There are 2 protein chains.
Amino acid sequence: MTEQPAQTTTAGDPATARGEQTRQLIRDTAMRLFRERGYAQTTMRAIAQEAGVAVGNAYYYFGSKDHLIQEFYAQSQVAHRAAAQPVLEREDAFGARLAGVLHAGIDVLTPSHAFAATFFKTAAEPTSPLSPFSAESSGPRQAAIELFGEVLTGSTAKVDAELRPQLPELLWLAYMGVILYWVHDRSPGQTKTRQLIDGAVPLIDRLVGLSRLRVLRPVTRQVLDLIRTLRH
Amino acid sequence: MTEQPAQTTTAGDPATARGEQTRQLIRDTAMRLFRERGYAQTTMRAIAQEAGVAVGNAYYYFGSKDHLIQEFYAQSQVAHRAAAQPVLEREDAFGARLAGVLHAGIDVLTPSHAFAATFFKTAAEPTSPLSPFSAESSGPRQAAIELFGEVLTGSTAKVDAELRPQLPELLWLAYMGVILYWVHDRSPGQTKTRQLIDGAVPLIDRLVGLSRLRVLRPVTRQVLDLIRTLRH
DNA sequence: GTCGGCAGTTGAACACGTTCAAGAAGGGCG
DNA sequence: CGCCCTTCTTGAACGTGTTCAACTGCCGAC
């Protein structure tokens with residue numbers, strides 16, 4: 001028991017031994033309070049008190065309040081993967097797979113919309129380890145990109161050979177765009193985000209299909225070159 | 001004495017109440033300190049002290065530290081407009097005008113890259129009045145969209161009639177995307193952002209041109225319908 | 001059995017953004 | 001001049017995230 005194979009954070013948390021239990025207690029308490037009261041309204045003192053530990057103890061396990069958000073990310077990513085599984089098993093058309101996985105992501109996040117939105121404030125800061133582009137989130141990010149890789153590999157779609165290796169990351173980027181929209185989406189139940197997915201997926205689907213056309217080959221290459229240049 | 005009745009504009013000062021002077025002093029001090037030390041490292045106490053006023057006085061003029069960012073935002077927008085002027089007078093090709101205006105925007109922001117990046121964290125929060133999509137920033141936003149309207153109206157480009165009214169806002173959205181990239185751009189002098197502009201503008205240019213083609217008309221309409229649906 | 005080391009734990013203390021009740025500074029009016 | 005009202009200014013006080021020196025309890029070494 002208490003085997004922790006994960007390489008969760010590099011920030012000097014060996015966390016092999018006794019305190020693992022405390023760590024989980026604090027994390028779960030924080031998640032609960034975030035959901036109940038929202039992020040800003042949940043104080044570190046409240047988390048500590050509800051968990052029955054001292055404030056400083058929370059900081060022993062989590063470098064900052066923001067790091068607790070990262071925990072939420074990781075959990076969401078795992079839940080997203082699980083929610084996408086049935087879709088990946090059922091569908092084989094590229095469009096249906098992509099739409100299904102995108103919807104699954106929003107499904108997972110929806111219960112947390114009210115407070116998750118404020119997270120993205122921190123996530124948008126480039127210097128923050130919470131940025132989806134940061135080295136610290138490279139674990140969850142790679143897992144997410146891999147998920148979109150499965151969208152592609154399991155599908156019947158024929159994709160331009162040059163585009164194919166780039167596509168999973170591009171789809172993940174599109175997913176980030178969907179989330180950005182979702183965060184700002186004030187429509188009841190975030191129905192507009194659903195419309196965005198349903199509207200954008202056919203376009204992406206068509207675009208991916210067109211990428212193989214001889215006439216569009218130069219454009220495809222031009223776009224891919226640009227993207228390769230811009231990647232960090 | 002010799003005060004004009006009031007409210008006439010811009011002769012010497014905005015002529016409103018006595019504290020206008022203090023307001024500007026605080027604002028300018030804050031901008032200077034932001035540039036010198038960065039946003040997080042500049043405390044409200046430091047701003048007040050350097051400006052020679054009490055802390056509470058700063059809060060009389062600016063509702064929060066974040067509101068000082070909005071001041072920066074407004075100043076940048078005005079500077080962007082001014083920097084774009086020569087381009088708008090010189091160029092008449094759509095691509096050249098768009099590239100020029102985008103570069104002008106980055107030109108204006110470049111000296112503040114180090115600290116401007118961190119304030120986008122606040123801007124990304126949907127609930128924040130600083131969000132570029134918020135009602136509170138609708139003034140600067142409208143001005144910015146208007147700027148991209150001028151990019152279009154002054155150009156020789158022929159644009160699909162249905163696309164034309166939407167295009168300024170779409171170009172502004174693209175500009176927001178450029179800024180998002182710029183914020184995360186760690187390349188020296190943010191040269192990659194320049195490459196992004198130079199690479200993306202021809203694509204946008206071509207896309208806008210293609211929008212009039214009969215074959216692509218359905219796609220154009222489909223995209224525009226989606227956008228209209230998604231607008232808040 | 002005792003002792004040393006170290007993961008784990010504590011809570012007071014610090015710096016920060018923000019608030020607020022109180023006061024000062026003007027200016028119009030009798 | 002004296003009065004009043006609005007505008008402006010003050011700084012102590014509050015609640016927050018975060019730090020840190022001190023403490024506790026456990027476990028292996030001798």
Side-chain angles (χ1 to χ4, degrees), chain A residues 2 4 9 11-27 29-30 33-34 37-71 115 118-119 121-122 125 127-130, chain B residues 1-7 13-27 29-30 33-34 37-71 115 118-119 121-122 125 127-130:
Chain A
T2 69
Q4 193 71 3
T9 48
D13 305 317
T16 42
R18 338 203 287 275
E20 187 57 28
Q21 201 171 323
T22 310
R23 182 194 177 88
Q24 289 181 18
L25 173 63
I26 293 171
R27 186 195 59 196
T29 307
L33 290 183
F34 285 169
R37 317 180 180 178
Y39 180 68
Q41 285 69 39
T42 302
T43 70
M44 291 299 284
R45 283 169 180 81
I47 294 172
Q49 186 174 346
E50 290 265 322
V53 300
V55 198
N57 203 6
Y59 281 91
Y60 181 79
Y61 292 102
F62 302 95
S64 71
K65 194 181 174 187
D66 286 354
H67 279 75
L68 283 165
I69 296 181
Q70 209 158 17
E71 214 66 17
F115 82 93
T118 71
F119 282 7
K121 144 185 176 178
T122 317
E125 190 182 22
T127 62
S128 164
L130 277 128
Chain B
M1 49 177 65
T2 76
E3 277 296 90
Q4 288 291 346
Q7 308 293 31
D13 266 355
T16 43
R18 335 197 290 272
E20 187 58 28
Q21 200 170 325
T22 311
R23 182 192 177 89
Q24 288 180 19
L25 174 63
I26 293 170
R27 185 195 60 195
T29 306
L33 291 184
F34 285 169
R37 315 181 182 177
Y39 179 68
Q41 284 70 38
T42 302
T43 70
M44 291 300 283
R45 284 171 178 80
I47 294 171
Q49 187 175 345
E50 289 264 324
V53 301
V55 199
N57 204 5
Y59 280 92
Y60 181 79
Y61 292 103
F62 303 95
S64 72
K65 193 181 175 187
D66 286 353
H67 279 74
L68 283 165
I69 294 181
Q70 208 159 17
E71 212 66 16
F115 85 93
T118 72
F119 87 51
K121 147 187 174 177
T122 316
E125 190 184 21
T127 62
S128 164
L130 276 129

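Only a predicted model underlies this, so the values are computations on that prediction, with no experimental measurement involved. Letters go in sequence order (proteins before strands), and every chain restarts at 1.
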Nucleotide nearest [X] (side chain, heavy atoms from C-beta), chosen from [options]:
X	options	value
B:Thr43	C:dT18, D:dG17, C:dG17	C:dG17
B:Tyr61	D:dT9, C:dT10, D:dT18	D:dT9
B:Tyr60	D:dT9, C:dC16, D:dT10	D:dT9
A:Thr22	D:dT16, C:dC16, C:dT9	C:dT9
B:Val53	C:dT18, C:dA13, D:dT10	D:dT10

| message | If the test is side chain to side chain contact (heavy atoms under 4.5 Å, CB included), which one of A:Ile26, A:Val53, A:Leu68 qualifies with A:Tyr61? | response |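 Single side chain to side chain contact (heavy atoms under 4.5 Å, CB included) partner of A:Tyr61 among A:Ile26, A:Val53, A:Leu68: A:Ile26.
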
| field | C:dT10 OP1/OP2 closer than 4.0 Å to side-chain N/O of A:Asn57 | value | yes

| message | Taking any heavy-atom pair under 4.0 Å as a contact, classify B:Phe62: base, sugar-phosphate, or nothing. | response | nothing

| Touch check for A:Val55, heavy atoms < 4.0 angstrom, all strands: base, sugar-phosphate only, or nothing? |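 If one applies the 4.0 Å heavy-atom cut-off, A:Val55 turns out to touch a base.
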
| query | Considering heavy-atom distances to DNA chain D, does A:Arg45 or B:Arg45 have its closest nucleotide positioned more toward the 5' end? | reply | B:Arg45

| request: State the NZ-OG1 distance between B:Lys65 and B:Thr42, to the nearest 0.5 angstrom. | output: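 Rounded to the nearest 0.5 Å, the NZ-OG1 separation comes to 6.0 Å.
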
| To the nearest 0.5 Å, how far apart are CZ in A:Arg27 and CZ in A:Phe62? | 6.5 Å

| said: Would you say that B:Ile69 contacts B:Phe115 through its side chain, given a criterion of any heavy-atom pair below 4.5 Å between the two side chains? | reply: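 No, their side chains stay 4.5 Å or more apart.
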
To the nearest Å, how far apart are [X] [atom1] and [N] [atom2]?
X	N	atom1	atom2	value
B:Lys65	D:dT16	NZ	C1'	14 Å
B:Gln49	D:dG11	CD	P	11 Å
B:Met44	C:dC20	CE	P	16 Å
A:Gln21	C:dA7	CD	C1'	15 Å
A:Ile47	D:dG15	CD1	C1'	15 Å
A:Ile69	D:dG17	CD1	C1'	13 Å
B:Tyr59	C:dA21	OH	C1'	18 Å

| A:Arg23 to A:Tyr60 six-membered ring, cation-pi geometry met (6.0 Å, 45°) | no

